[in-house]
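Small disclaimer: the values here were computed from a predicted structure and weren't measured. The figures here come from the full heavy-atom set of this structure, side chains too, leaving out hydrogens, waters and symmetry mates.
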Amino acid sequence: MSKITASITAVGGYVPEDKLTNFDLEKIVETNDEWIRTRTGIEERRILKGPGKGSSDMAVPAVQEILRKKNLDPKDIDCLICATVTPDMVFPATANIICDKIGATNAWGYDLSAACSGFLFALTTGASYIESGRYKKVIVVGVDKMSAIIDYTDRATCIIFGDGAGAVLLEPATDGTGIQDSILRTDGSGRDYLHMKAGGSVKPATVETVMAREHFAYQEGQTVFKFAVKGMADVSAELLERNGITGDDISWLVPHQANLRIIDATANRMGLPKEKVMINIQRYGNTTAATLPLCLWDWEKQLKKGDNIVLAAFGGGFTWGATLVKWGYDS
Ligand code: UT7
């Protein structure tokens with residue numbers, strides 16, 4: 001019997017309509033379009049506006065797109081994993097809320113917190129449920145409403161983040177397509193450089209923590225940058241080597257969209273020309289767990305069955321990793 005692999009069989013995505021451009025940011029903090037573009041590659045980001053709207057409101061249309069494309073009854077979904085650091089609430093899990101809103105009444109699910117590597121970690125986890133033979137339809141969502149935790153007085157951090165959601169459907173395949181290999185890493189000592197100071201069990205919310213602006217993402221950008229360049233490039237090169245392939249065998253690199261300079265460093269290390277690298281950072285900025293599925297969503301029409309693609313990410317935690325995927329279908 002041929003081995004069961006977890007193939008990506010559909011992609012969905014959602015970005016809010018409202019745009020926050022570099023020129024808009026010039027009016028909020030002391031910055032300028034030229035600095036942001038040359039240092040990060042970003043021109044604009046999307047922002048989810050409106051009272052009572054959270055991450056699930058972006059994840060739901062992304063998942064519904066998959067249901068529509070596959071003509072799928074939500075009751076057929078076995079499991080939904082939601083990668084996010086901006087859940088609708090601390091609990092219950094946003095995965096539960098998404099399942100409720102789409103009518104996936106037979107599914108179980110949970111949230112996975114690995115910041116910008118969340119989608120990769122969730123993809124590998126979801127794939128193992130399929131590979132085991134236990135589940136047939138697993139949805140993996142990457143979503144973040146970063147605007148909810150960004151301090152728009154911190155010019156070094158607020159310029160990179162935006163809101164968005166992406167999702168994929170994993171199904172069993174016996175034709176060799178799907179998730180081939182993953183190298184995933186964490187290093188908790190990196191927590192000092194990218195974290196939220198208050199709101200967890202160590203420092204619950206008080207008037208003081210709010211006044212001290214401790215419920216926003218805190219980032220020491222330069223340090224994170226150095227770790228990200230090394231982490232993402234090293235792990236991507238290691239993945240190629242472990243699978244006995246080179247950049248020539250790769251059709252696409254799907255890198256986390258945090259900074260164009262980090263993306264370029266990873267592509268160079270893998271020996272990949274720019275034409276093989278998915279880059280949409282200029283339009284969405286860094287949407288944390290949503291960057292990778294939003295790339296797949298934007299490039300879906302260009303992907304062909306059998307294409308080798310490498311997804312790579314680095315984020316808070318620190319967390320990082322790379323996954324080799326053989327694409328499952330012609331769009
Ligand atoms: O996705 C999760 C993981 N996160 C990342 O991978 C992000 C990694 N880090 C980065 O992408 C970059 O560090 C940032 C884009 C966040 C910041 O860029 P940088 O080149 O590292 O800037 P910096 O913080 O080292 O600041 C350099 C200079 C400073 O001025 P001086 O001290 O040299 O005079 C800053 O005050 O640029 C100044 N600066 C700005 N100037 C205009 C910082 N932010 C801005 C700004 N506009 N928005």
Side-chain angles (χ1 to χ4, degrees), residues 13-55 57-58 84-86 115-116 118 142-166 193-199 210-229 232 255-265 277-295 297-298 313-316:
Y14 177 83
V15 286
E17 269 174 32
D18 278 297
K19 292 178 183 173
L20 180 68
T21 67
N22 292 350
F23 299 103
D24 295 329
L25 281 168
E26 283 180 4
K27 294 175 200 137
I28 301 171
V29 284
E30 204 183 319
T31 190
N32 59 78
D33 171 61
E34 211 246 326
W35 191 96
I36 301 173
R37 263 190 300 107
T38 52
R39 292 287 181 124
T40 70
I42 301 167
E43 291 168 23
E44 60 187 34
R45 327 105 193 98
R46 301 299 181 97
I47 303 293
L48 182 66
K49 289 192 177 161
K53 290 213 174 137
S55 288
D57 294 295
M58 296 185 287
T84 187
V85 288
T86 51
C116 301
V143 59
D144 271 301
K145 183 188 170 189
M146 293 306 290
S147 61
I149 59 163
I150 289 304
D151 181 352
Y152 287 97
T153 65
D154 173 4
R155 68 172 180 171
T157 307
C158 74
I159 48 125
I160 67 171
F161 290 102
D163 303 340
Y193 309 109
L194 183 48
H195 60 255
M196 189 187 288
K197 294 190 183 303
V210 172
M211 297 305 284
R213 311 183 77 80
E214 290 181 343
H215 295 270
F216 293 119
Y218 168 84
Q219 176 172 262
E220 292 181 23
Q222 241 182 54
T223 308
V224 177
F225 183 90
K226 282 181 203 145
F227 277 98
V229 166
M232 224 163 96
H256 174 50
Q257 314 278 310
N259 189 312
L260 193 53
R261 291 181 288 148
I262 302 173
I263 296 173
D264 289 344
V277 186
M278 295 187 190
I279 298 170
N280 56 15
I281 191 171
Q282 66 281 9
R283 291 189 288 134
Y284 306 144
N286 180 353
T287 54
T288 303
T291 59
L292 301 182
L294 278 176
C295 280
W297 185 56
D298 275 350
F314 186 95

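Between Asp298 and Asn280, the shortest heavy-atom distance links the atoms OD2-ND2, 3.1 Å. Across Ala290 and Gly164, no two heavy atoms sit closer than the pair CB-O, 3.3 Å. Of all heavy-atom pairs between Leu292 and Ala313, the closest is CD1-CB, 4.2 Å. A pairwise comparison of heavy atoms in Thr86 and Lys145 identifies OG1-N, 2.8 Å as the closest pair. In this structure, Cys158 and Val29 approach most closely via the heavy-atom pair SG-CG2, 4.1 Å. What you find for Gln257 and Cys295 is that their closest heavy atoms are NE2-SG, 3.4 Å.
One finds the CG atom of Asp163 at 12.0 Å from the NZ atom of Lys53 (value rounded to the nearest 0.5 Å). Between the CD1 atom of Ile262 and the CZ atom of Phe225 there is a distance of 5.0 Å, given to the nearest 0.5 Å.
Here the side chain of Arg155 pairs a donor or acceptor atom with the backbone of Glu30 at under 3.5 angstrom. Of the possible donor and acceptor atoms, one in the side chain of Asp24 sits under 3.5 Å from a partner among the backbone N and O of Thr21.
Among pairs with a residue in residues 39-51, those fulfilling side chain to side chain donor-acceptor pair (under 3.5 Å) read Asn22-Arg45, at least two apart in sequence or across chains.
Taking the ring-ring contact (aromatic ring centres under 6.0 Å, His included) definition, one finds that His195 meets it with Tyr218, sequence neighbours left out. Phe23 meets the ring-ring contact (aromatic ring centres under 6.0 Å, His included) test with no other residue; sequence neighbours excluded.
Side-chain contact check for Ile279 versus Leu260: some heavy-atom pair is nearer than 4.5 Å.
Considering Asn286, Asn259, Ile36 in turn, Asn286 is the only one that fulfils the side chain to side chain contact (heavy atoms under 4.5 Å, CB included) rule with Ile160.
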Decide side-chain hydrogen bond (donor to acceptor under 3.5 Å, both in side chains) for Thr84 and Asp144; before the verdict, give the C-alpha distance in whole Å, the side-chain angles of both, and the deciding distance to 0.1 Å.
-> CA-CA 6 Å; Thr84 187; Asp144 271 301; 3.1 Å; yes
